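Values in this document were obtained by computation on a predicted structure and should not be read as measured data.
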Amino acid sequence: MVKRSTVAERFVHRDAYRITLATLWTNLVLKPEDAGIDEADLEAVHDLLSAEAQAVLGDGEDLTACFAFLNSKPGEAAMKEARLSKTHKDLLLYFCSMILDPDGHRKWMDRVREGHG
């Protein structure tokens, strides 16, 4: 992730790193078997990715903070600058909803299931 987000040989583009990390987590949650892990491994992987984010981005930065960034105006601009497809952006924002407001997300999904979405 760091290599993919590095520019000018040594500078990690923080926004690109956050997008890459959030995308990785989203894909792991959707299909853990594609990465050779079980669903039961996700908690440990989450902790590992959060520790990696802190090491790269600094204190207070973890996986949840990456999703909080993507759910902000600067995050929206970063996704636009990265030229994410609408599907990619929508998927990341869907995960933002689940991670940042699980109760609100649950209520929203209940409404969608009832046909009032």
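- Smallest separation of non-hydrogen atoms from T26 and F67: OG1-CZ, 3.8 Å.
- Within a 6.0 Å sphere centred on CD of E33, other residues, nucleotides and ligands contribute more than 12 heavy atoms.
- The CG atom of L28 lies 5.0 Å from the CD1 atom of I37; values are rounded to the nearest 0.5 Å.
- Contact detail for E61 and Q54: the closest heavy-atom pair is O-CG, 2.6 Å.
- Grouping the Ile, Leu, Val, Met, Phe, Trp and Tyr side chains by contacts below 4.5 angstrom, directly or via other members, places F95 apart from L48.
- In this structure, CG on L92 lies 10.5 Å from CG on N71, to the nearest 0.5 angstrom.
- Partners of D62 according to the side chain to side chain donor-acceptor pair (under 3.5 Å) rule, which considers only residues two or more places apart in sequence or in another chain, do not exist here.
- A donor-acceptor pair is defined here as one N or O able to donate and one able to accept, closer than 3.5 Å; such a pair exists between the side chain of N27 and the backbone of T23.
- At distances below 3.5 Å, not a single donor-acceptor pair connects side-chain atoms of R18 with backbone N or O atoms of L70.
- When every heavy atom of L57 is checked against every heavy atom of R14, the shortest pair comes out as O-NH1, 2.9 Å.
- Contact detail for G60 and A65: the closest heavy-atom pair is O-CB, 3.8 Å.
- The structure places CZ of F69 at 10.5 Å from SG of C96, a figure rounded to the nearest 0.5 Å.
- When each of K86, H88, K80, E81 is paired with L84, the side chain to side chain contact (heavy atoms under 4.5 Å, CB included) condition holds for H88 and for no other.
- Smallest separation of non-hydrogen atoms from M79 and L93: CE-CD2, 3.9 Å.
- With S50 contributing its side chain and L63 its backbone, the two residues share a donor-acceptor pair below 3.5 Å.
- Across all non-hydrogen atoms, the minimal contact from L42 to W25 is O-CH2, 3.4 Å.
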Audit row: K89, Y94, side chain to side chain contact (heavy atoms under 4.5 Å, CB included) steps and yes/no: CA-CA 9 Å; K89 179 182 171 188; Y94 180 80; over 6 Å; no
